[in-house]
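Have a look at the structure below, then the notes.
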Amino acid sequence: MTSLMGMSWNAGLMPYGLRWRKHRRAIHQYFNIEVVQSYQPLQLSKARVLLHRLRDNPSDFMRSIHFAIGAGIIELVYGHPVKDVDNKYLVIARNSSTAASEGLLPGAFFVDFLPILRYVPTWFPGAVFKRKAAEWRAVFDQMLYVPFNDVKADLDGGKSNTSIMAQMLAEASYLEGRADEEDMEVARNISAVAYGAGADTTYSTMQTFFLAMVLHPEVQKKAQAELATVVGPSRLPDFADRDSLPYINAIVKECARWIPVVPLGVPHATSADDEYEGYFIPKGAVVMANQWAILHDPEDYPEPELFKPERFLKDGKLDPDVRDPSTIAFGFGRRICPGRHLSDASVFINVASILHVFDMKPAVDEYGTPKLPEARATSGFFSYPYPFECDVKARSASAQGLLNEMQ
Ligand code: HEM
């Protein structure tokens with residue numbers, strides 16, 4: 001299905017080999033743990049944009065999170081400011097997320113088990129998968145080419161653009177007219193995969209955070225007490241506060257564990273015959289890591305269904321003896337998610353900033369009874385909490401003051 005959808009550009013779906021290595025090297029260059037620190041000012045400014053939007057449209061919190069996370073990645077990768085939810089890149093990205101979520105679900109299409117079906121003509125009765133694949137391919141083509149052509153046009157016209165894509169094109173000697181097609185392709189692919197793999201995943205974790213806060217006022221209170229002590233009432237949190245905020249860090253970890261974004265991981269295939277604990281695994285077998293099960297193993301995480309950041313703490317500090325969910329939720333080995341540092345930083349700064357100024361409560365019905373959402377998530381390649389309502393309000397006069405100051 002992925003080849004019918006024309007997804008050979010996606011590093012996450014490439015087989016191990018020279019082409020994958022070239023892409024992986026480029027991703028590492030722009031998203032490694034040191035480099036992502038230079039993206040903190042942009043992440044901080046997007047966290048502040050989110051605070052504004054939550055203040056002005058509290059009931060629209062889901063769209064606001066989606067907007068802030070998406071805009072952050074697009075601006076970083078393409079360098080074009082994203083001011084509203086109908087921005088053309090965001091619309092393309094939204095369409096491609098739907099396509100990816102349906103089309104990438106392992107085993108959802110019979111052609112994955114019987115590849116010869118790919119030769120069935122599109123008009124053939126039952127060939128819905130071919131029509132869908134063609135539709136999704138067009139969406140992905142837009143995602144690959146529209147922003148790429150815009151950045152090229154910026155460079156051609158001498159317009160300043162310091163984005164990741166512009167840097168990659170410069171490195172490929174595009175302006176000198178010496179860029180080879182392969183380098184251009186890597187720049188195009190890496191930029192698209194950063195949005196494709198990074199935006200909805202981080203968005204899902206942020207939704208989980210809101211759900212957990214609505215259901216657990218006691219967690220909010222503890223987090224806010226920590227922020228009050230470390231950050232104080234007269235400013236907003238910053239990245240420099242991170243090491244002094246163990247409870248906030250524990251919330252970030254618990255969000256990744258409680259509702260894993262990619263519950264069954266990204267499917268892998270064995271490149272040679274193998275054996276694991278007496279089971280023979282033939283070459284080419286599809287192997288899936290059940291991340292959900294690992295992150296809900298009661299031996300590592302007692303009472304795994306509960307949202308309990310305390311499980312990561314001992315004597316007021318992060319406990320190194322508790323398995324860190326980021327060693328599971330982002331995959332494993334040489335294919336481990338290369339965007340994990342970017343996403344982790346983004347979730348941290350948003351969680352800390354929101355908790356510092358807002359209370360999140362369940363919405364109430366006409367009798368004033370709280371409408372408590374269920375802690376349930378969708379099944380799919382990516383998993384999201386089911387839609388729920390949340391009442392977002394500035395938590396104090398000083399919080400309101402901070403929000404008003406930040407124009
Ligand atoms: C909460 C956020 C995120 C989660 C939970 C997540 C999760 C994952 C998982 C489970 C994999 C598969 C690893 C494996 O095959 O074992 C993966 C791969 C990947 N992720 Fe992420 N990811 C997130 C954010 C990001 C971001 C922000 C970016 C981009 C900057 C990104 C880029 C990628 C890429 C390119 C791959 C493919 C790597 C390869 O196959 O070599 N991800 N991610």
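Counting convention: from 1, in listed order, for ligands and their atoms alike. Excluded from the calculations below are hydrogen atoms, water molecules and symmetry mates; all remaining heavy atoms, backbone and side chain alike, are included.
Here's the thing with R335: one of its N/O atoms is less than 3.5 angstrom from an N/O atom of ligand 1. Checked against a 3.5 angstrom limit, the closest N/O atoms of V266 and ligand 1 fall outside it.
Under 4.0 Å from ligand 1, the heavy atoms of F31 that appear belong solely to its side chain. Under 4.0 Å from ligand 1, heavy atoms of A197 appear from its side chain as well as its backbone.
A donor-acceptor pair shorter than 3.5 Å cannot be found between the side chains of H80 and D150.
Annotation: K371, atom NZ; neighbour count of heavy atoms from other residues, nucleotides and ligands within 6.0 Å is above 12. Surrounding CG of D243 are at most 12 heavy atoms belonging to other residues, nucleotides or ligands under 6.0 Å away. The number of heavy-atom neighbours closer than 6.0 Å to CD1 of I33, taken from other residues, nucleotides and ligands shown, is 12 or below. Heavy atoms from other residues, nucleotides or ligands lying under 6.0 Å from OH of Y279 number 12 at most. Around the CZ atom of R235, the shell of radius 6.0 Å holds more than 12 heavy atoms that belong to other residues, nucleotides or ligands. Enclosure of atom CD in E305 by more than 12 non-hydrogen atoms of other residues, nucleotides or ligands within 6.0 angstrom is indicated.
Residues F388 and F61 bring their aromatic ring centres within 6.0 Å.
Annotation: cation-pi pair R340/F330 absent, no NZ/CZ under 6.0 Å from the ring centroid and within 45° of its normal.
In summary, the atoms of ligand 1 found under 4.0 Å from a heavy atom of Q291, numbered by their order in the structure, are 10 (C). Every atom of ligand 1 with a heavy atom of A329 under 4.0 Å away is listed here by number and element: 5 (C), 7 (C), 10 (C). Set against the non-hydrogen atoms of F332, the atoms of ligand 1 under 4.0 Å away are 16 (O). Residue G12 has at least one heavy-atom neighbour below 4.0 Å for each of these atoms of ligand 1: 37 (C), 40 (O). The atoms of ligand 1 that sit less than 4.0 Å from any heavy atom of A11 are 40 (O). Here is the list of ligand 1 atoms found below 4.0 Å of a heavy atom in R24: 38 (C), 39 (C), 41 (O). The atoms of ligand 1 that sit less than 4.0 Å from any heavy atom of H268 are 14 (C), 15 (O), 16 (O). For ligand 1, the atoms closer than 4.0 angstrom to any heavy atom of T205 are 1 (C).
Under 4.0 Å is where a charged nitrogen must lie from a carboxylate oxygen, and between E185 and K22 no such pair does.
Taking the six-membered ring where tryptophan is involved, the planes of H216 and W258 are perpendicular, since the angle between them exceeds 60° and thus also 30°. Between F148 and Y145, the ring planes are perpendicular. Angles over 60° get that label, and only those under 30° would be called parallel.
The closest approach between a heavy atom of Y195 and any atom of ligand 1 is not below 4.0 Å.
The nearest heavy-atom contact from the protein to atom 28 (C) of ligand 1 is G339 CA, 3.4 Å. When hydrogens are left out, the protein atom nearest atom 27 (C) of ligand 1 is G198 CA, 3.4 Å; that is the closest non-hydrogen contact. Atom 21 (Fe) of ligand 1 has its closest protein heavy atom at C337 SG, 2.3 Å. Closest to atom 1 (C) of ligand 1, if we only count protein heavy atoms, is S343 OG, 3.3 Å. The protein atom (non-hydrogen) at minimum distance from atom 34 (C) of ligand 1 is P338 CD, 3.4 Å. What sits closest to atom 6 (C) of ligand 1 on the protein, heavy atoms only, is F330 CD2, 3.5 Å.
In this structure, of L13, V77, T201, I27, the residue bringing a heavy atom nearest to atom 23 (C) of ligand 1 is T201.
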